[in-house]
Amino acid sequence: MKIMKHDNVMNVAKKRGFLWSSFEIYSGVAGFVDYAPLGAILKNNIMNKWRKYYVVGEEFYEIESPTVMPEEALKASGHVDHFTDPLTECKDCMDVYRADHVIEEALDKDVEGLENDKLTEIISENKIRCPRCGGHLNKVWSYHLMFQTLIGAKGKKIGYMRPETAQGIFIPFKRLLRFFRNKLPFGVVQLGKAYRNEISPRQGVIRLREFTQAEAEIFVNPEDKTHPHFSQIAAEKLTLLPASCQMESKDPLEISAQEALDKKIVSSEMLIYQLYLAQKFLRELGIPDEALRFRQHLPTEMAHYAIDCWDVEVQTGRYGWVEIIGIADRADYDLKSHSEYSKEDLRVFIEYDEPKTVNKKIAKPNMSKFGPTFKGAAPQLMEALKETDASTIQDSFQEKGYYPIELDSVYEILPEHVEFAEVEEVVRGEKIFPHVIEPSYGIDRIVYSVLLHSFHEEKDKTYFKLANDIAPVQVSVFPLINKEKLASVAIGIKENLRKNGFIADYDSSGTIGRRYARSDEIGVPYAITVDHESLEDQQVTIRNRDNSEQVRIPISKVENIISKLISSKISFEDL
RNA sequence: GCGGCUGUAGUAUAGUCUGGUUAGUACUUGGGCCUUCCAAGCCUACAGCCCGGGUUCAAAUCCCGGCAGCCGCACCA
C-alpha cells in the first residue's frame, strides 16, 4: 500500500508545483531537480525551521562559503585522493568494475585505498580476468565523484564543486575560533548546495548530483563531550539500532538517552543530544516516530576517522529505510589534516583549572662561550635549544661528544657551550585539536520524507497534512460564490493578510467544494470563506484543513487569529 | 556503467503488432452560465505523439542512435 503512495505523492508534487525534474524540455538530466513554486517555499520553510533549531536554539552561528573550492583545500580534506572509485573495464565485453572489488573477490585480499598503478599491477601480476567473460582488464582509472572546473581566465587553477559544506567551516577555523573568543565548545552551521557526480543516480530526489545540505560543526574539547542541557533530555526515548544489533539481526532498542549513555551504546552526551535534536526536528515536521530510527554505522562502513556515527533513517516504502541525516563524531581528523597541509596552527589553547608546575631539565646556553663561537647564528641556535629536550642533548654528548643542529649548515654544540639545570615551569594549559561533532542533514531527502509522510488519502480527497509552520501557502480566501459583493470582501481580506506577511491565496473559480479540495491538496492549513451573511454581520468562517470543521470569526480578527494559529500559539479547537 | 521493459496534452489512457482522413476519450486547467459550504451540472477554450537520423509516396506506428523513467546487477568514502 505504501509503495503506491510514492507515485501518488510524486504525481501531486509534480502537478501542483512542488518538484519538477530539471531541464525537462531538453529531456532532462538524471540527478537534478527543480524546486517548483510551492516546493521552493516548503524547502525554505524547512531550512528556516532548521535555523531556528540550530542558530536560535543551540546558539550556533551560520556562515556561507563558496561552492567552488581550490584543489589544495580538497587535497587536505582527502577528497581529491579518496573521493573516487577505481574502475577498470574489460577490453572484450566493455563491462566496468570496481577494480578493488574485482581484486578482493579474486584474491580475498583487502586492497582498499591503494593507488591505481598498484591495483593495475596486482591485476596483471595475478592474471585477474573479467569475472563475466574472462577477457583482459584495462588499466585502472579513477572515476572522480567531484565535478571539476577551472578557475580563472587562463584556466590554470583546478577547482572542484564542493562535495560537502563542512569543509567551508573547517578552513576558516582560526577566524571562527577568534570570533567565539577562543573558547570551546562552539558551533558553526552552513546550509547550501553540495555536488557529487554520481555514476548513475536513479532514486529521484533521494540521490541527486546537486543537493542541499544543512550541516553543523560543533567543536568540543575531546576531554569534555558533555552537553549543558543533557539532563533535560535524559529521559527522552530514542529508537536505536546499534552496530551490535545489526550484526545479530536483532530489533532496534527503545531506549532513553540516559540509558544509551550508561550502556555506552552512544559514545557521548553531545552525540546523543544531537540524535535527540534530530528526532524532535523531524517529529515537528510531521514524520511519525514509528517511521524513524537511528542506525549506527558498522565498523566496516564507518569513515576511517570517525569515532562514532549514526544515521537517522526514515521509512519510505519504496526505497526502504533511507538515510536523511548523518550524525558523526569526526574527532580531530579535519582540523589536523588542514593544519598539516596549510602549516597553520589550528589548535585551541585549553587552560587547566589549576596551573601545573612541572620540573624540567633544560639546556641553558653558556653565553660567554656560546656567543663568540656561533656569532650570528647564536640567536637561532638558542631558539632551537629551547625546543629540544635536554636529555636528547645529553645523550648525544655521551655518544658523539657533541649535539648537531642543522640550520643553513650544521652546527656542533659542545658540552662547554651549555649548562644543564632543573627548572620549575608553570604550565597553564595545553594546545589541542578540538573534536568535531557533526549533524549533517540532507534537506532534499527531508523534503521528500515530509511530503511522503504528510500525504493523506481520504475518500475522494488527497492532501498534504503539512505542519502550520512549513506549509507553503498559509491560508486560502474564498467568496462562497463568485459574485462581485462577496468577491470584493474576500479580496480585501486576502490583501490584508498579504500586507501582514502571510502567503494567502484567493480563488473564486468553480464551486466552493472544488476550491476547498484544491486548497487542501497543497496543504493549506486554513481557509477563510466569505458568505452572504458576512455582508451583514462582518463575520466569516474559518475552516480547518484536517477535519473540515468551521468556526465563525469577525473579519477584523482574521489576521490576528491566523497569526496565532500559524505560530501555534492557539489551536483551532480554542476558537 | 551493463541487461530487460517503457516513453502519446498537466494527469490517466486509445491508436503502434498489420505505416494511410483533422491522433480519440476521461479527468484537470482557463473563460462563461448556474450555484447560500466541501472535486455537481451546462457551454466554451487551451493543450500531446521524448529527441535526432534512416527506410518509405507517406512514420505516433518500422529500423538505428541518444536522452529520460521503471526493474535487476553494479555503484553510493
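Scope of the values below: all heavy atoms of this structure, side chains included, with no hydrogens, waters or symmetry mates. Letters A, B, ... mirror the listed sequences (proteins, then strands); counts begin at 1.
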Exercise for the section: Using a cut-off of strictly less than 4.0 Å, decide whether R514(A) has a side-chain nitrogen or oxygen near OP1 or OP2 of A40(B). Expected result: yes
Problem - Heavy-atom side-chain contact between Q474(A) and Y526(A) under 4.5 Å - result: no
Fill in the blank from the handout: Between CD of Q203(A) and C1' of A68(B) the distance, given in whole Å, is 16 Å
Practice task
Name the orientation class of the two ring planes belonging to F219(A) and F173(A) (parallel below 30°, tilted from 30 to 60°, perpendicular beyond 60°).
Solution key: tilted
Exercise for the section: Compare side-chain N and O positions of R202(A) against OP1 and OP2 of G72(B) and report whether any pair is under 4.0 Å apart. Expected result: no
Exercise for the section: Report which part of the nucleic acid R543(A) touches: base, sugar-phosphate, or nothing (heavy-atom distance under 4.0 Å, all strands). Expected result: base
Problem - Gap in Å between the two P atoms, one belonging to U13(B) and one to C70(B), rounded - result: 16 Å
Exercise for the section: For D520(A), report the nucleic acid contact type (base, sugar-phosphate, nothing); a contact means any heavy atom under 4.0 Å. Expected result: nothing
Exercise for the section: Ignoring backbone atoms, test whether K461(A) places a side-chain nitrogen or oxygen under 4.0 Å from the OP1 or OP2 oxygen of C38(B). Expected result: no
Handout entry: RNA chain B: stems of at least 3 consecutive Watson-Crick or G-U pairs whose donor-acceptor distances fall under 3.5 Å
Key = B:1-7 with B:67-73, B:10-13 with B:24-27, B:29-33 with B:41-45, B:50-54 with B:62-66
Exercise for the section: Provide the distance between the two P atoms, one in U6(B) and one in U16(B), to the nearest whole Å. Expected result: 15 Å
Practice task
Determine: side-chain N/O of T511(A) to OP1/OP2 of A40(B), distance under 4.0 Å, yes or no.
Solution key: yes
Problem - Sugar-phosphate only, base, or nothing, as touched by E458(A) at under 4.0 Å among non-hydrogen atoms - result: nothing
Exercise for the section: Determine the contact category for E24(A): base if any of its heavy atoms lies under 4.0 Å from a base atom, sugar-phosphate if only primed atoms, P, OP1 or OP2 are that close, otherwise nothing. Expected result: nothing
Exercise for the section: Tell me whether the OP1 or OP2 atom of U29(B) has a side-chain N or O from S509(A) closer than 4.0 Å. Expected result: no
Exercise for the section: Please confirm whether R293(A) makes a cation-pi placement over W321(A), using NZ or CZ under 6.0 Å from the six-membered ring centre and within 45° of the ring normal. Expected result: yes
Exercise for the section: Compare side-chain N and O positions of R16(A) against OP1 and OP2 of G10(B) and report whether any pair is under 4.0 Å apart. Expected result: no
Exercise for the section: Look at R318(A) and C71(B) and indicate whether a side-chain polar atom (N or O) is within less than 4.0 Å of OP1 or OP2. Expected result: yes
Fill in the blank from the handout: Exactly one candidate in E164(A), H144(A), M161(A) meets side chain to side chain contact (heavy atoms under 4.5 Å, CB included) with R196(A); the answer is E164(A)
Practice task
Figure out the CD1/P separation between I25(A) and C67(B), and round it to whole Å.
Solution key: 18 Å
